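Everything numeric in this text was worked out from a predicted model, so none of it was measured. All values below were derived from every heavy atom in this structure, side-chain atoms included, with hydrogens, water molecules and symmetry-related copies excluded.
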Amino acid sequence: MITTLRTHVIICAALFVALIGIAIAGNVLQRMGVISPPTGSGRYVAMGLYFTLFLAFGLSAIPVIVKLVVGVQVQAGNSDVAAVAAAVRHQNTIIWALWGLILAGTAIAVPAAITGGMFGDAPVRAINRAMAGPNLGVLAAKPGMTLAELVAQSTMKVDTTYAATGMSGGKQGPFDYTIPGTTLTFPGARYYFITTSSDDPARIEVVNVGVSKEKMPPGAIDSAAAALRARLAADGWLAGHEASDTSELATRHWLKDSIVLTIDRKRMDDAVTGEDAATAGEWILTIDLWPAKRFPYFERYVFEAPRRP
């Protein structure tokens, strides 16, 4: 290891100048229009390199601090003090120990910062996808299907043993949900819950599915719901609104082949006092499918070809 305080000071100062200088130069060049802020994967590479530079500066400051403190004690005439004498003999050991603690803390803090969103949403989504596990297959289910048809048309394992009290799944990994007889498939669905008819326990009555691949803020959920409405319209579903309210454009209820599909959202985190409802929370998009004759207050709704906003 380099032993002179002067050399360590030069290294630390050079890293500090680079740390500050790169930030200033980048801002100036962006304002001049010479360069643009990095986007996509380039943004994360730039953030990683800058964080590495910051970490290097922090590590370079350790030898400076240790050698400066020890040197001051020696200059003050305390070299005969046992603690000072031990520090003089074991300067390198002290430096390596502090470096180890910093690196160990970094190894714990960086993953926590990534999952906490410090580096944006993309790394969080990548981690969530990696942790979600392998795709479980396809679930094909809609009201009116028999349990035998459900099992035959699905490639994922569906346990119908306790169908009378409700069937659920998807916690072991993502799956693709498809509505038989339509063009609608939702890759990467999160969970499902299926209930059977009280009149015919061997036949599906209601299907509830969390169809979002990832948790999203309210604005993104609104966009996902709008995209789903466009898909429903393209697939021939009729948009529903209460007969007394003909102004409803962002409709939740859709009808096709005597099945009502309802679009909804589900919050995945806890509310915080004083939060902004327009931007707060992590949400997923959910859908419910009902037989029209069992849909609550079906008679109140009018279903017609979707109107353009």
(request) For Asp264 and Thr262, test the side chains for any donor-to-acceptor distance below 3.5 angstrom and give the result as yes or no. (result)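 No - no donor-acceptor pair under 3.5 Å links their side chains.
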Are [X] and [Y] close enough for a salt bridge, meaning some N to O gap below 4.0 Å?
| X | Y | answer |
| --- | --- | --- |
| Asp222 | Arg265 | yes |
| Arg294 | Asp199 | yes |
| Arg267 | Asp269 | yes |

Residues 18-33, side-chain donor-acceptor partners within the protein, below 3.5 Å, at least two apart:
{"from": "Asn27", "atom 1": "ND2", "to": "Ala23", "atom 2": "O", "distance (Å)": "3.3"}

(message) Assess the residue pair Leu55 and Leu103 against the criterion (side chain to side chain contact (heavy atoms under 4.5 Å, CB included)); give the C-alpha distance rounded to whole Å, side-chain angles, the decisive distance to 0.1 Å, and a yes or no.
(response) CA-CA 9 Å; Leu55 179 60; Leu103 292 174; 4.3 Å; yes
Are [Y] and [X] linked, directly or through intermediate hydrophobic residues, by side-chain heavy-atom contacts shorter than 4.5 Å (ILVMFWY only)?
| X | Y | result |
| --- | --- | --- |
| Val64 | Ile94 | no |
| Val211 | Tyr191 | no |
| Leu98 | Leu68 | no |
| Ile259 | Leu139 | yes |
| Ile284 | Ile287 | no |

Say whether, by atom type as modelled, one donor and one acceptor occur between the side chain of [X] and the main chain of [Y] under 3.5 angstrom.
| X | Y | result |
| --- | --- | --- |
| Ser154 | Val151 | no |
| Trp283 | Ala280 | yes |
| Thr155 | Val138 | yes |
| Thr251 | Gly240 | yes |

With rounding to the nearest 0.5 Å, note down the distance linking [atom1] in [X] to [atom2] in [Y].
| X | Y | atom1 | atom2 | answer |
| --- | --- | --- | --- | --- |
| Glu205 | Met145 | CD | CE | 15.0 Å |
| Glu149 | Lys142 | CD | NZ | 9.0 Å |
| Leu15 | Leu59 | CG | CG | 9.5 Å |
| Ile65 | Cys12 | CD1 | SG | 8.0 Å |
| Leu150 | Ile194 | CG | CD1 | 5.0 Å |
| Asp235 | Ile179 | CG | CD1 | 8.0 Å |

Minimum heavy-atom distance [X]-[Y], with the two atoms named:
| X | Y | result |
| --- | --- | --- |
| Thr286 | Gly210 | CG2-CA, 4.1 Å |
| Met167 | Val158 | SD-CG1, 4.5 Å |
| Met268 | Lys215 | CB-CD, 3.5 Å |
| Pro201 | Leu147 | O-CD1, 3.8 Å |
| Ile95 | Lys67 | CD1-CE, 4.4 Å |
| Gln91 | Val66 | O-CG1, 4.3 Å |

(message) Quick check on the 6.0 Å ring-centre criterion: do Phe298 and Phe303 meet it?
(response)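 Yes: the rings meet the under 6.0 Å criterion.
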(request) Kindly say whether the aromatic ring centers of Tyr301 and His241 come within a distance under 6.0 Å. (result)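 No; His241 has its ring centre 6.0 Å or more from that of Tyr301.
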(message) Could you walk me through whether Arg229 and Trp254 satisfy the side chain to side chain contact (heavy atoms under 4.5 Å, CB included) test, starting with their C-alpha distance in whole Å, then the side-chain angles of each, then the deciding distance to 0.1 Å, before giving a yes or no?
(response) CA-CA 9 Å; Arg229 290 194 294 270; Trp254 297 75; 3.7 Å; yes
(request) State whether the number of non-hydrogen atoms from other residues, nucleotides or ligands found under 6.0 Å of Lys213 atom NZ is greater than 12. (result)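 Check fails, neighbour count at 12 or below.
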(message) Quick check on Phe16: does its CZ atom have over 12 non-hydrogen neighbours (other residues, nucleotides or ligands) under 6.0 Å away?
(response)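 Result for CZ/Phe16: open.
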Are side-chain heavy atoms of [X] and [Y] found at a separation under 4.5 Å?
| X | Y | result |
| --- | --- | --- |
| Pro296 | Trp290 | yes |
| Lys293 | Ser258 | no |
| Ile221 | Leu285 | yes |
| Glu242 | Tyr297 | no |
| Lys256 | Leu238 | no |
| Thr279 | Pro217 | no |
| Leu232 | Leu184 | yes |

(request) Dump the intermediate steps for side chain to side chain contact (heavy atoms under 4.5 Å, CB included) on Val207 and Asp288, then the final yes or no. (result) CA-CA 6 Å; Val207 180; Asp288 291 283; over 6 Å; no
Atom pairs and distances, side-chain donor-acceptor, residues 73-90, under 3.5 Å, sequence neighbours left out:
{"from": "Gln73", "atom 1": "OE1", "to": "Asn78", "atom 2": "ND2", "distance (Å)": "2.9"}

(message) Testing Phe186, Phe175, Tyr177 one by one against Tyr192 for a ring pair (Phe, Tyr, Trp, His ring centres under 6.0 Å), which residue passes?
(response)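 Output: one option passes, namely Phe175.
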(message) Angle between ring planes, Phe51 versus Phe54, binned at 30° and 60°: parallel, tilted or perpendicular?
(response)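 Tilted: the ring planes of Phe51 and Phe54 meet at 30° to 60°.
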(request) I would like to know whether Leu53 and Leu49 meet side chain to side chain contact (heavy atoms under 4.5 Å, CB included); could you show each step before the answer? (result) CA-CA 6 Å; Leu53 181 62; Leu49 292 175; over 6 Å; no
